[in-house]
Amino acid sequence: MASLDGRVALVTGAGQGIGAAIARRLAADGARVAVNDLPSHPALAALAAELGGRAVPADLGDRAAATTMVETIEGESGPVDVLVANAAAMTMGPFADQAPEAWWHQVHVNLTGTFGLIQAVLPGMRRRGGGRIVVICSEWGVTGWPQATGYAASKAGLIALIKTLGRELAPEGIIVNGIAPGVTDTPQLAVDAADAGVSLDAIRARYAAATPLGRIAHPDEIAATAALLASPTLGTLVGQILQPNGGSTRCQA
């Protein structure tokens, strides 16, 4: 893989889990990384300091805040060359009991927030003459999942967005792809465990038993997939959804 030296990368939802792992991997590959999460996230500033990057806290459900965030990065470092859209919201519970507010919050952050974020970085990528956009979806956007209606539906919407933008933006050298991870060992598993009424270790074991590989993924494995898609040498993989999931889903997204 070619180095990312000199390229500006923005990773959203980077305060923990998959986002933090991706930010570390892109920085190790030479990128200048700006890391985003909610303004209240306690670990964001420390991660930026660790990577020698910049913390750009913003609620991506707020389109104006997202636009300002991108303008700040461009003013200091230049246009974003690599965007990894990872920020997400998730709640779990029976479909019949889900409040409309919970449904729309997930759709607004996961789908509409990503839409606005891509629109914000696009002019800079066009000035650069190209770029890489990697959107983190979910296996549940491919298969659906009980008790996760709003989350799964919003992630399925992202898959359609990736496929569409892949076709639309490729002629400009802006390459759009997605990653639909299977169950990954992140703090998000606490939501699953609470919904199932079991301990964190028990939910890990339950998911591992349902995976052909016999274990759930580590965030570093998803980060390696993101680094592949961010590489400037990867040119013909366009509008695709890579599925690092240990074999739990064996179909084309």
Side-chain angles (χ1 to χ4, degrees), residues 11-28 35-38 40-44 46-47 50 84-95 97-98 102-103 105-106 109-110 134-156 158-159 178-229 241-253:
V11 182
T12 67
Q16 61 186 13
I18 289 172
I22 291 172
R24 289 187 173 101
R25 175 58 188 264
L26 297 186
V35 290
N36 157 268
D37 215 302
L38 291 171
S40 60
H41 201 289
L44 194 64
L47 178 63
E50 173 193 333
V84 181
N86 171 70
M90 175 180 168
T91 59
M92 294 188 74
F95 168 72
D97 297 339
Q98 186 168 83
W103 164 275
H105 176 66
Q106 292 170 93
V109 173
N110 301 349
V134 182
V135 179
I136 308 302
C137 328
S138 169
E139 181 179 30
W140 293 359
V142 178
T143 64
W145 197 259
Q147 310 279 96
T149 314
Y151 179 80
S154 65
K155 293 294 187 173
L158 284 178
I159 289 172
I179 303 173
V183 177
T184 305
D185 197 356
T186 73
Q188 186 65 50
L189 282 182
V191 177
D192 304 52
D195 179 68
V198 300
S199 70
L200 196 53
D201 285 342
I203 202 71
R204 288 190 183 104
R206 180 180 298 182
Y207 284 140
T211 303
L213 189 61
R215 65 174 178 84
I216 60 177
H218 188 276
D220 287 346
E221 295 174 300
I222 313 306
T225 310
L228 170 70
L229 295 178
I241 312 298
L242 301 189
Q243 299 184 60
N245 57 32
S248 57
T249 301
R250 296 167 299 282
C251 66
Q252 183 178 2

Query - Q147 and F95: CA distance, side-chain angles, deciding distance, side chain to side chain contact (heavy atoms under 4.5 Å, CB included) verdict - result: CA-CA 6 Å; Q147 310 279 96; F95 168 72; over 6 Å; no
Taking all atoms of both residues into account, what is the closest heavy-atom pair of [X] and [Y], and its distance?
{"X": "A226", "Y": "V134", "answer": "O-CG2, 4.3 Å"}
{"X": "T184", "Y": "P181", "answer": "OG1-CB, 3.9 Å"}
{"X": "G13", "Y": "D37", "answer": "C-OD2, 3.4 Å"}
{"X": "A210", "Y": "S248", "answer": "O-CB, 4.5 Å"}
{"X": "D220", "Y": "A21", "answer": "OD1-CB, 3.7 Å"}
{"X": "G15", "Y": "A20", "answer": "C-CB, 4.4 Å"}

Query - Among V142, N110, I159, L242, side-chain contact (heavy atoms from CB on, under 4.5 Å) partner for C137 - result: I159
Query raised in the report: Out of N86, L229, V135, which one pairs with I179 under the side-chain contact (heavy atoms from CB on, under 4.5 Å) rule?
Result: L229
Query raised in the report: Does the side chain to side chain contact (heavy atoms under 4.5 Å, CB included) test come out yes or no for L189 and R204, once each step is laid out?
Result: CA-CA 8 Å; L189 282 182; R204 288 190 183 104; 3.9 Å; yes
Query - Geometric class of the Y151/W140 ring pair [parallel <30°, tilted 30-60°, perpendicular >60°] - result: perpendicular
Regarding [X] and [Y], is there a side-chain donor-to-acceptor distance under 3.5 Å anywhere?
{"X": "N36", "Y": "T12", "result": "no"}
{"X": "T149", "Y": "Q98", "result": "no"}
{"X": "T186", "Y": "Q16", "result": "no"}

Rounded to the nearest 0.5 Å, how far apart are [atom1] of [X] and [atom2] of [Y]?
{"X": "I136", "Y": "I222", "atom1": "CD1", "atom2": "CD1", "result": "8.0 Å"}
{"X": "T225", "Y": "I22", "atom1": "OG1", "atom2": "CD1", "result": "8.5 Å"}
{"X": "Q243", "Y": "T249", "atom1": "CD", "atom2": "OG1", "result": "6.0 Å"}
{"X": "K155", "Y": "T143", "atom1": "NZ", "atom2": "OG1", "result": "13.0 Å"}
{"X": "D201", "Y": "R206", "atom1": "CG", "atom2": "CZ", "result": "13.0 Å"}
{"X": "L47", "Y": "H41", "atom1": "CG", "atom2": "NE2", "result": "9.5 Å"}

Query raised in the report: Taking the side chain as C-beta and beyond, is there a heavy-atom pair between W145 and M92 under 4.5 Å?
Result: yes
Query raised in the report: Are the side chain of N245 and the backbone N or O of G182 linked by a donor-acceptor pair below 3.5 Å?
Result: no
Requested in this report: Measure from the side-chain N and O atoms of S199 to the backbone N and O of A202, and report whether any donor-acceptor pair falls under 3.5 Å.
Outcome: yes
**Report entry** Non-neighbouring partners of A224 that pass side chain to side chain contact (heavy atoms under 4.5 Å, CB included), sequence neighbours left out
**Finding:** R25
Query raised in the report: How far apart are the C-alpha atoms of T91 and V191, what are their side-chain angles, what is the distance that settles it, and do they pass the side chain to side chain contact (heavy atoms under 4.5 Å, CB included) test?
Result: CA-CA 7 Å; T91 59; V191 177; over 6 Å; no
